[in-house]
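First listed ligand is number 1; within each ligand, the first listed atom is number 1. Any value given below was found using the heavy atoms of this structure, including those in side chains, with hydrogens, waters and symmetry copies removed.
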Amino acid sequence: MSQTPVIRIGLCGFGTVGQGVWKHFTRSRTELENRLGVRLELHRVAVRKLRKARSVRIPAARLTVDALAVATDPSIQIVCELIGGTGLARELTLAALRLGKSVVSANKALICAHGAEIFATAHRHGGHFLFEASVAGGIPIIKALREGLVANRFPHIYGILNGTCNYILTQMEEQDAPYKSVLAEAKRMGYAEADEALDVQGWDTAHKASVLAWLAHGVWVKPAQMVVEGIDRITPADFKNAAVLGYGIKLLAVIARDFSSDELSVRVHPTLLPVGNVIANVSGVFNAISVTGDVVGTTLYIGRGAGQDATASAVISDIVDAAALLRGGKSAYQPAAETLPARNGCRLAPPEHIKCRYYLRLTVRDQPGVLARVASVMARHHISIASVIQNPAEVADAASLVLTTHQSHERAMRSTLRDLARLASVLERPVLLRIGDFND
Ligand code: HSE
């Protein structure tokens with residue numbers, strides 16, 4: 001009688017996500033094993049501290065503090081890298097791949113910085129690198145782009161890719177809650193990165209946008225090559241102004257390719273979205289992505305983008321795919337990412353090529369002639385004003401001026417901002433938001 005083969009899995013990192021994987025994997029293990037026709041064993045777990053209160057019970061014999069030993073353990077075939085960062089995480093990922101193992105990762109910063117090296121290593125040594133959990137938590141957006149939408153070219157992908165920011169923006173808008181206390185709550189709920197600046201300054205979204213841009217267009221775009229702006233200067237007043245104008249505010253990643261000029265633009269910034277846009281109504285920790293393919297049209301994906309359970313769902317999906325690959329070979333599976341054909345030919349659009357409508361908030365001295373001076377700076381740079389709202393500012397003797405523009409060039413807008421900031425009557429650094437005119 002033949003024995004059921006065993007596939008051993010090692011977890012490197014046992015924080016919020018690692019414990020979620022243990023919890024849900026243990027619960028669904030028998031069902032997954034029956035589906036795959038193999039036994040799956042969570043064999044070893046690398047932790048930072050051996051003795052620590054944890055939300056799951058785990059036999060002490062499975063624990064080690066040596067993550068590299070787990071990644072290179074000859075009895076382990078699937079390594080889950082859940083440590084984060086780009087130091088030890090890169091080292092153990094490459095070590096495991098060089099041994100022909102499969103690596104499952106939730107680490108968008110690592111993929112963004114070292115994706116080319118990681119995929120080349122996986123390809124060279126016959127292993128696989130799976131990364132569903134790296135973008136949009138529980139939404140299977142990697143599978144959608146790589147498999148379900150493989151017949152398409154993608155003129156537009158845009159959406160909310162950071163659960164922490166969406167949670168903060170929603171609480172600020174709906175509860176008038178102060179930024180700092182909402183951020184602390186997002187950390188408590190396990191949404192935020194260890195370094196919260198990655199979330200609120202837009203870098204985490206940029207890492208995820210980079211992964212999606214690579215999947216969709218076959219080129220690596222680094223955050224340094226993108227416009228990346230975060231949510232840390234948005235105030236409750238911006239939500240009120242946006243609502244008066246008929247908009248909500250969301251931190252969006254935008255990946256746009258113009259197939260006639262073959263320019264690709266990847267950017268991250270808070271965006272005013274019309275209140276009727278579905279994505280403007282996606283709240284809390286949820287992410288939402290609109291993907292427009294030239295064959296399928298527009299498709300929309302919504303789900304929890306951060307947190308223990310959503311991320312564990314994606315990691316377990318990758319573990320199962322990795323096990324299926326081990327069991328049935330490449331032919332048992334869809335094209336692996338490391339053999340993705342480069343859909344080259346496109347070049348990166350310089351940020352100055354962005355053209356959109358803008359929302360500009362200025363805190364100015366409440367004196368005669370100030371509005372005229374602001375308007376004159378804008379006119380000098382050929383920026384056409386579409387609307388003006390004036391409210392009292394929180395600063396004494398000051399007013400908050402909110403201007404929206406007609407379609408303008410980013411280059412002209414940047415020059416305008418520079419000149420406005422130099423006016424003696426402008427009291428604080430201007431706040432600039434972009435208006436998202438997405439048709440779908
Ligand atoms: N900090 C990330 C977020 C976690 O809030 O979306 C999921 O990648």
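Heavy-atom contacts of A306 reach the following atoms of ligand 1: 3 (C), 4 (C), 5 (O), 6 (O), 7 (C) (cutoff under 4.0 Å). Atoms of ligand 1 lying under 4.0 Å from any heavy atom of T164, numbered from 1 in the order shown and given with element: 1 (N), 3 (C), 5 (O). Heavy-atom contacts of G305 reach the following atoms of ligand 1: 6 (O), 7 (C) (cutoff under 4.0 Å). The distance from ligand 1 to the heavy atoms of K208 drops below 4.0 Å at these ligand atoms: 2 (C), 3 (C), 6 (O), 7 (C), 8 (O). Those atoms of ligand 1 that come under 4.0 Å of a heavy atom in K108, given as number and element, are 4 (C), 7 (C), 8 (O).
Without hydrogens or angle criteria, R8 side chain to P74 main chain gives no donor-acceptor distance under 3.5 Å. For the pair R304 (side chain) and V285 (backbone), a donor-acceptor distance under 3.5 Å is absent.
For atom 2 (C) of ligand 1, the nearest protein heavy atom (residue, atom name, distance) is E193 OE2, 3.1 Å. Scanning the protein heavy atoms around atom 6 (O) of ligand 1, the nearest turns out to be G163 N, 2.8 Å.
When side chains are defined from C-beta on, R54 counts as touching L63, because their heavy atoms get closer than 4.5 Å.
Between E132 and R146 there is no salt bridge, since no side-chain N of the basic residue sits under 4.0 Å from a carboxylate O of the acidic one. Checked for salt-bridge contact, D238 and R361 meet the test: a charged N lies under 4.0 Å from a carboxylate O. Here D321 pairs with K143 in a salt bridge; the nearest charged N to carboxylate O distance falls below 4.0 Å.
Below 30°, between 30° and 60°, or above 60°: for W220 and W214 the angle between ring planes is below 30°, a parallel geometry.
Here D199 has side-chain heavy atoms under 4.0 Å from ligand 1, and that is the only part of it that gets that close.
Note on ligand 1: G137 sits outside its first shell, no heavy atom being nearer than 4.0 Å.
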